[in-house]
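Scroll down for the structure; my scribbles are underneath it.
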There are 2 protein chains.
Amino acid sequence: MNNDEKGQANGGREPGFRGVEARPRNWLVPVILLSLREWNSYGYELMERASNFGFEAMNPGTLYRTLRQMEKDGVVESSWETSRGGPARRMYTITDAGRAYLDFWARSLEQYQQTMDTFFRLYTGRPLQDKPDEKK
Amino acid sequence: MNNDEKGQANGGREPGFRGVEARPRNWLVPVILLSLREWNSYGYELMERASNFGFEAMNPGTLYRTLRQMEKDGVVESSWETSRGGPARRMYTITDAGRAYLDFWARSLEQYQQTMDTFFRLYTGRPLQDKPDEKK
DNA sequence: CATATATATATGTAGAATGCACATAGAGTA
DNA sequence: TACTCTATGTGCATTCTACATATATATATG
């Protein structure tokens with residue numbers, strides 16, 4: 001709903017809505033933390049693994065910037081790995097705070113699933129409430 | 001993960017994470033459209049109805065600005081209602097494009113639910129893949 | 001009548017999230 | 001040498017959204 005191409009009413013045809021994915025904010029952070037909880041990793045590899053969560057063709061800039069911010073926030077720690085061929089890698093490790101954050105987010109996600117249920121109940125045509133009378 | 005109060009590792013205690021709700025982007029737009037699909041309404045009333053979706057204490061500015069943007073995008077239309085007591089109301093009606101947008105969003109939401117299932121499967125300890133060997 | 005309150009809509013500003021484009025650099029290989 | 005793969009980043013613009021504040025009308029209350 002935020003570009004020129006979307007355009008006017010198109011009578012119910014499949015619209016070319018961009019940026020209309022029902023994806024929560026901060027999705028990337030928990031996905032990274034979940035990956036790091038399994039095993040330590042680095043940006044380039046995390047990018048591939050993130051695609052398992054629907055982050056297809058993840059753009060590198062967003063990922064690397066997010067990782068640096070996460071380190072500032074204390075949910076991950078990093079160190080350079082230079083003991084092998086190829087460019088140096090910044091290896092990341094999840095912290096205790098990171099695990100706590102992940103748990104918190106998972107609980108929040110459960111709550112959100114209930115909200116989605118409510119949405120679908122209304123969407124599929126079973127209103128939760130009748131139209132109230134005009135007040136006063 | 002974006003404020004000073006979150007702070008450092010806290011060893012798994014319940015953290016005071018702010019803004020860490022698993023809430024999707026653009027949630028407000030479909031909620032408004034869903035409300036308007038049931039019956040025409042206006043900002044002040046929509047604000048109350050939005051609270052049914054977990055938008056507690058919605059701040060008015062966000063809602064009214066969103067409504068105006070939605071009209072620009074062609075998913076709603078509005079007209080002033082002055083034929084009654086009290087301040088004038090801007091009454092909103094959903095358009096065909098709005099209905100199309102809502103349908104699109106709902107389908108997107110279904111896709112996203114699968115992604116969440118994947119997330120929870122990993123979170124609760126059943127990895128989808130083993131750690132691959134170091135390449136090359 | 002004056003003032004307060006409820007109703008109703010809106011702007012200004014700032015910060016966070018995010019996408020897109022582009023920049024940098026090491027190591028192997030043709 | 002040039003090219004490609006691997007790997008990490010920055011700059012810029014847009015969007016989303018929270019918070020504070022402004023405006024106006026009608027009704028209730030003293």
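Here the structure is a predicted model, which is why all the values come from computation and not from measurement. Each chain gets a letter, A, B and so on, in the order the sequences are listed, and its residues count up from 1.
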What integer distance in Å separates B:Leu63:CG from D:dA20:P?
18 Å
May I ask you to evaluate whether A:Asn59 reaches the phosphate of C:dC20, defined as a side-chain N or O under 4.0 Å from OP1 or OP2?
no
With a 4.0 Å limit, can you tell me whether A:Thr62 has a side-chain N or O closer than that to the phosphate oxygens OP1/OP2 of C:dT18?
no
A:Tyr92 side-chain proximity, nearest of D:dG9, D:dT6, D:dC19
D:dG9
Take atom CD of A:Glu71 and atom C1' of D:dG9, then tell me their distance rounded to the nearest Å.
14 Å
Atom pair CD1/CH2 of B:Ile32 and B:Trp27 - distance to nearest 0.5 Å
12.0 Å
Rounded distance in Å - CZ (A:Arg68) to C1' (C:dT18):
18 Å
Does a nitrogen or oxygen in the side chain of B:Arg84 sit under 4.0 Å from OP1 or OP2 of D:dT27?
no
OP1 or OP2 of C:dA10 sitting under 4.0 Å from any side-chain N/O of B:Arg90?
yes
Specify the separation, in whole Å, of atom CG of A:Leu67 and atom P of D:dG9.
8 Å
Expressed in angstrom and rounded to an integer, what is the separation of A:Met70 atom CE from C:dA16 atom C1'?
16 Å
To the nearest Å, how far apart are B:Gln69 CD and C:dA10 C1'?
15 Å
Rounded off to whole Å, could you give me the CD-to-P distance for the A:Glu81 and D:dT6 pair?
16 Å
Which residue lies more 5' along DNA chain D, comparing B:Ala88 with A:Tyr44 via nearest heavy atoms:
A:Tyr44
Evaluate the side-chain proximity of A:Glu38 to B:Leu122: yes if any heavy-atom separation is below 4.5 Å, no if none is.
yes
note: B:Glu48, atom CD; C:dT9, atom P; distance rounded to Å ~ 11 Å
Do side-chain atoms of B:Ser78 reach the backbone of B:Met91 as a donor and acceptor pair under 3.5 angstrom?
no
So, does A:Tyr42 get its side chain near the phosphate of D:dA7, meaning an N or O under 4.0 Å from OP1 or OP2?
yes
Between B:Tyr64 and C:dA10, does any side-chain N or O lie under 4.0 Å from OP1 or OP2?
no
To the nearest 0.5 Å, what is the distance between OG (A:Ser41) and CG (A:Leu46)?
4.0 Å
Does a distance-only test, which skips hydrogens and angles, find a donor-acceptor pair under 3.5 Å between the side chain of B:Arg65 and the base of C:dG12?
yes
In sequence, state the C-alpha distance, the side-chain angles, and the governing distance for A:Gln69 and A:Thr66, and then conclude on side-chain contact (heavy atoms from CB on, under 4.5 Å).
CA-CA 5 Å; A:Gln69 186 59 44; A:Thr66 300; 5.7 Å; no
